[in-house]
Asker: 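Input: one structure, supplied below.
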Amino acid sequence: MGSSGVQMVCVTVGVMGLIGAIVCCALPLWKVSAFIGNNILTAQDYQDGLWMQCVKQSTGQQQCKVYDSLLDLSSDLQAARAMTIISCMLCGLSLLVLFCGADFTTCVQNEDAKPKLSLVAGVGLLLAGLLVIIPVSWSANITVRDFNNPLLPDSKKREMGACIYIGWAAGVLLILAGGLLCCFSRPKSGSSGGTAKYYSNSASAPNKNYV
């Protein structure tokens, strides 16, 4: 597969990772109610996200409330907000740079600059993937720790929601796209130009007739 094909694959994978990161950031499914013990008979399902907390009734009705203050949130939730937003912005910017510097577009006419732009986009996608995986892994660790805490009531225990798995998948896709770009985006060597110039100079040397 040529560099154009690899870049097309990276654009597709990167867009999928960006969509996953946006969904992970927006949906209130980072933590959900754990139906264990006496809590299995409850009629309410609690769903916690980065921006709001929702309560879903057994009748299908759902009510959501935005968090009152940023300072009242836990440290992991505050960090998750910042990192997921930065990840989405960095991923979008990296995809824009990649699209401009790709071999299948004519946005940049300088052929020597295209591999450099692709490399910058690859590094940006790698960082965006890490900025997604870190907060979801941090939140998953706290959720598992609280779930195994015997001092915590069953009604307060939570399980990992769908956004945790979506965040892991999005991070892996972004890291995969960034890794491919970093491997295939290498500046072209200029040694062949020097060799061609050497032969052209020797060929243009004046012929001398000796008697």
Side-chain angles (χ1 to χ4, degrees), residues 10-37 39-40 42-96 124-149 152-180:
C10 290
V11 169
T12 304
V13 175
V15 170
M16 294 172 59
L18 176 59
I19 294 175
I22 294 175
V23 171
C24 177
C25 180
L27 293 183
L29 292 174
W30 283 60
K31 299 178 183 179
V32 296
S33 298
F35 296 102
I36 55 176
N39 197 35
I40 196 172
T42 184
Q44 294 180 340
D45 182 15
Y46 291 92
Q47 300 172 349
D48 300 336
L50 296 181
W51 310 98
M52 64 186 69
Q53 184 182 48
C54 298
V55 179
K56 186 176 181 180
Q57 306 291 337
S58 59
T59 57
Q61 296 179 350
Q62 185 174 2
Q63 296 179 348
C64 297
K65 179 183 178 182
V66 181
Y67 295 122
D68 296 330
S69 176
L70 177 64
L71 299 179
D72 292 337
L73 302 178
S74 58
S75 58
D76 64 306
L77 199 58
Q78 295 180 15
R81 279 187 176 186
M83 284 189 283
T84 50
I85 291 177
I86 295 174
S87 174
C88 293
M89 296 175 61
L90 183 59
C91 180
L93 181 61
S94 299
L95 289 175
L96 181 61
L125 290 175
L126 286 174
L127 293 177
L130 290 176
L131 288 175
V132 174
I133 291 180
I134 291 175
V136 294
S137 300
W138 190 359
S139 178
N141 178 62
I142 293 178
T143 303
V144 173
R145 184 194 64 188
D146 293 341
F147 185 85
N148 295 325
N149 186 5
L152 194 66
D154 292 341
S155 59
K156 298 293 184 180
K157 292 183 178 181
R158 298 290 185 266
E159 291 181 347
M160 293 183 295
C163 285
I164 300 296
Y165 304 100
I166 295 175
W168 278 330
V172 170
L173 290 176
L174 293 176
I175 291 177
L176 178 61
L180 286 175

Asker: If you round to the nearest 0.5 Å, how far is CD of Gln47 from CG of Leu29?
Answerer: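 CD of Gln47 is found 5.0 Å from CG of Leu29.
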
Asker: Looking at Leu50 and Ala80, what are the two nearest heavy atoms and their distance?
Answerer: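 In terms of heavy atoms, the two residues are closest at CD2-CB, 3.6 Å.
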
Asker: Is Tyr67 reaching over with its side chain to a backbone N or O of Gly49, donor-acceptor style, under 3.5 angstrom?
Answerer: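 Judged by distance alone, yes, a pair lies under 3.5 Å.
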
Asker: Kindly give the heavy-atom pair with the smallest separation between Val136 and Cys163, and that separation in Å.
Answerer: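 It is CG1-O, 4.3 Å.
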
Asker: For residues Gly14 and Ala177, report the shortest heavy-atom separation together with the two atoms involved.
Answerer: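 For Gly14 versus Ala177, the nearest heavy atoms are N-CB, 4.2 Å.
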
Asker: Provide the closest heavy-atom pair for Ile85 versus Cys25 in the form atom of the first, atom of the second, distance.
Answerer: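 Ile85 and Cys25 have their closest heavy atoms at CG1-SG, 4.3 Å.
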
Asker: Using 0.5 Å steps for rounding, measure from the NZ atom of Lys157 to the OG1 atom of Thr143.
Answerer: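 Interatomic distance, Lys157 NZ to Thr143 OG1, rounded to 0.5 Å: 13.0 Å.
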
Asker: Tell me whether Met52 at atom CE has more than 12 heavy atoms from other residues, nucleotides or ligands lying less than 6.0 Å away.
Answerer: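 Check passes, neighbour count above 12.
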
Asker: If you apply the rule side-chain contact (heavy atoms from CB on, under 4.5 Å), what do you find for Leu95 with Leu125, and how did you get there?
Answerer: CA-CA 8 Å; Leu95 289 175; Leu125 290 175; 4.3 Å; yes

Asker: Working to the nearest 0.5 Å, report the span between CG of Leu130 and OG of Ser137.
Answerer: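 With rounding to 0.5 Å, CG (Leu130) is 10.0 Å from OG (Ser137).
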
Asker: Apply side-chain contact (heavy atoms from CB on, under 4.5 Å) to the pair Lys31 and Tyr46, showing each step before the final yes or no.
Answerer: CA-CA 8 Å; Lys31 299 178 183 179; Tyr46 291 92; over 6 Å; no

Asker: Looking at Cys64 and Cys54, are the sulfur gammas closer than 2.5 Å to each other?
Answerer: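 Yes - the two cysteines, Cys54 and Cys64, have SG atoms within less than 2.5 Å of each other.
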
Asker: Minimum heavy-atom separation for Ala170 to Gly17, with atom names?
Answerer: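 That would be CB-O, 3.5 Å.
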
Asker: Would you compute the distance between atom CG of Asp76 and atom CD1 of Ile134 and round it to the nearest 0.5 angstrom?
Answerer: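 Here the rounded value is 13.5 Å.
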
Asker: Taking all atoms of both residues into account, what is the closest heavy-atom pair of Gly171 and Ile133, and its distance?
Answerer: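 Here Gly171 and Ile133 meet closest at CA-CG1, 3.7 Å.
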
Asker: For Trp30 and Leu77, what are the C-alpha separation, side-chain angles and deciding distance, and is it a side-chain contact (heavy atoms from CB on, under 4.5 Å)?
Answerer: CA-CA 10 Å; Trp30 283 60; Leu77 199 58; 5.7 Å; no

Asker: Within this structure, what is the OG1-CH2 distance for the pair Thr84 and Trp51, rounded to the nearest 0.5 Å?
Answerer: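 Nearest 0.5 Å value for the OG1-CH2 distance: 6.5 Å.
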
Asker: Roughly how far apart are Ile164 CD1 and Trp138 CH2, rounded to 0.5 Å?
Answerer: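 So the CD1 of Ile164 and the CH2 of Trp138 are separated by 13.0 Å.
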
